[in-house]
Amino acid sequence: PLESPYKEGEGPAGDRLRVGRKAEVQGLARTFMTSWTKRCLGQSLEPCVRCMGAENVSLAVKGLARCLKDMSDRKGALRLFVCYPEMLQETLQESGDTVTM
């Protein structure tokens, strides 16, 4: 059962997914679908996909496209989603460096 439409700021934080160079498109699609399913069931807010560099952005877009294709094959089992780009600065926990994502 799907929860009511999204209301900003309500619910636990969504997944923060980072796409790395070694990621595989099919694995990304499964991860995105799992995160989006949690959102549709009301278990979290929308997931956030993060990546740096043209190669990683390309992988993320391909993974999201594959996820949408898999969702459409299921004939409406999940709501579709919208992606939009956003740049932000974040401090990496591993090194303490500030990077633009």
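Nothing fancy with the numbering, it's 1 onward along the sequence. Not measured: the values here are computed from a predicted model.
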Tabulate below the donor-acceptor pairs under 3.5 Å that side-chain atoms of residues 51-61 make, not counting sequence neighbours, or state none.
| from | atom 1 | to | atom 2 | distance (Å) |
| --- | --- | --- | --- | --- |
| Asn56 | ND2 | Met52 | O | 3.1 |

Any residue meeting side chain to side chain contact (heavy atoms under 4.5 Å, CB included) with Ser35, in chain and number order, not counting sequence neighbours: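 With neighbours one apart ignored, the set is Asp15, Leu17, Pro47.
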
Partner set under side chain to side chain contact (heavy atoms under 4.5 Å, CB included) for Glu94, not counting sequence neighbours: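 Here the qualifying residues are Arg18, Leu92.
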
Pairs involving residues 13-45, ordered by first then second residue, that meet ring-ring contact (aromatic ring centres under 6.0 Å, His included) (sequence neighbours left out):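 The answer is Trp36-Phe81.
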
Sequence neighbours excluded, every pair satisfying salt bridge (Lys or Arg N to Asp or Glu O under 4.0 Å) that has a member inside residues 22-34: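 Residue pairs passing salt bridge (Lys or Arg N to Asp or Glu O under 4.0 Å), neighbours aside: none found.
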
Pairs under 3.5 angstrom only: tabulate donor-acceptor contacts from the side chains of residues 62-70 to other protein residues two or more places apart or in another chain.
| from | atom 1 | to | atom 2 | distance (Å) |
| --- | --- | --- | --- | --- |
| Arg66 | NE | Gln26 | OE1 | 3.4 |
| Arg66 | NE | Asp70 | OD1 | 3.1 |
| Arg66 | NH2 | Gln26 | OE1 | 3.3 |
| Lys69 | NZ | Asp73 | OD2 | 3.2 |

